[in-house]
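Hydrogens, waters and symmetry mates are skipped; everything else that's a heavy atom, side chains included, is used. Protein chains get the first letters and strands the later ones, always in sequence-line order, with residue 1 at the start of each.
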Amino acid sequence: DVKVTQSSRYLVKRTGEKVFLECVQDMDHENMFWYRQDPGLGLRLIYFSYDVKMKEKGDIPEGYSVSREKKERFSLILESASTNQTSMYLCASSWDSNQPQHFGDGTRLSIL
Amino acid sequence: AQTVTQSQPEMSVQEAETVTLSCTYDTSENNYYLFWYKQPPSRQMILVIRQEAYKQQNATENRFSVNFQKAAKSFSLKISDSQLGDTAMYFCAFMNTGTASKLTFGTGTRLQVTL
């Protein structure tokens, strides 16, 4: 089974802090994704990556950046956390362009 | 840009009954994939079923089946013999072919299965 692991299940940070959310997959997947999930809005794509060191903006990239230095790891970075970034963050990966995504358990991030 | 609409924020069904969750989408593409994902209280998103647009036959997975109407851009999920473990958020999602498997999600339907 595919395993997508997110480093934290719950995280509390303060406004202005730099926040790192880590995601690791163990199936040598090409593509990795970061979403945020908010009630009534579903999942919205923040950034994705289709190869090491490659990244593409999703639908809501403002206030975020990403890093993919190794194929198995995809990091989401909040450069200066703000309260409107309080949300559930979900990482996903997929084998190639036509395969379904596999998700991690999510990180519930609170910015105080 | 593609959009996915789930018009039922919440639904309830009794155990052993059948329920249908609605999903419509908008696209100008001809080849694409559609998915239903389930998110139980444990939070992990689980793939329930997948439909390829070029296939006319509706996908089925055990108690789960879809009614795919390509011309109407409709993709509903039918759950037969509902079980308490089916209680979850259900998300409909759209994916263009050849786009690094980017998904566009609907806003979700919260399904409660009751005794």
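Side chain of B:Y33 to main chain of A:Q99: no donor-acceptor pair is present (N/O by atom type, distance under 3.5 Å, no hydrogens or angles).
Taking CG from A:L90 and CD from B:Q44, the interatomic distance works out to 9.5 Å, rounded to the nearest 0.5 Å. From B:F105, atom CZ reaches atom OH of A:Y35 across 5.0 Å, with rounding to the nearest 0.5 Å. With values rounded to the nearest 0.5 angstrom, A:S94 atom OG is found 12.5 Å from B:K102 atom NZ.
Hydrophobic clustering of Ile, Leu, Val, Met, Phe, Trp and Tyr side chains at less than 4.5 Å, counting indirect connections, keeps A:F33 apart from A:I46. B:M95 and B:Y25 are not part of a single hydrophobic cluster, where members link through side-chain heavy atoms under 4.5 Å apart. Linking ILVMFWY residues whenever their side-chain heavy atoms come closer than 4.5 Å, directly or via other members, leaves A:Y10 and A:V4 in distinct clusters. One hydrophobic cluster, built from ILVMFWY side chains closer than 4.5 Å, holds both B:F35 and A:F48. A continuous path of Ile, Leu, Val, Met, Phe, Trp and Tyr side chains, each step under 4.5 Å between heavy atoms, connects A:W34 with A:M32, placing both in one hydrophobic cluster.
For A:R108, the parts lying near chain B are the backbone and the side chain together; criterion is any non-hydrogen pair under 4.5 Å. Looking at A:L43, the atoms closer than 4.5 Å to chain B (heavy atoms on both sides) sit in the backbone and in the side chain alike. With a 4.5 angstrom heavy-atom cutoff, B:Q6 does not touch chain A via any of its atoms. A:Q37 touches chain B through its side chain: at least one heavy atom from C-beta onward sits under 4.5 Å away, while N, CA, C and O do not. Residue B:Y32: no heavy atom, backbone or side chain, is found under 4.5 Å from chain A.
Taking the ring centre of A:Y89 as origin, the terminal cationic atom of B:R43 falls outside the region bounded by 6.0 Å and 45° from the ring axis.
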Side-chain donor-acceptor distances from residues 71-83 of chain B under 3.5 Å, at least two apart:
residue	atom	partner	partner atom	Å
B:K73	NZ	B:T27	O	2.7
B:S82	OG	B:E17	O	2.8

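Comparing A:G104, A:A92, A:G58, A:P100 by heavy-atom pairs within less than 4.5 Å of chain B, the highest count is held by A:P100. Counting heavy-atom pairs closer than 4.5 Å to chain A, the top-ranked of the candidates B:L103, B:L47, B:T104 is B:L103.
More than 12 heavy atoms of other residues, nucleotides or ligands sit less than 6.0 Å from atom CZ of A:R9. Other residues, nucleotides and ligands contribute more than 12 heavy atoms inside 6.0 Å of the CG atom of A:N84.
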Legend entry - Full working for side chain to side chain contact (heavy atoms under 4.5 Å, CB included) between B:Y37 and A:Q101: CA-CA 10 Å; B:Y37 279 89; A:Q101 294 181 20; 3.8 Å; yes

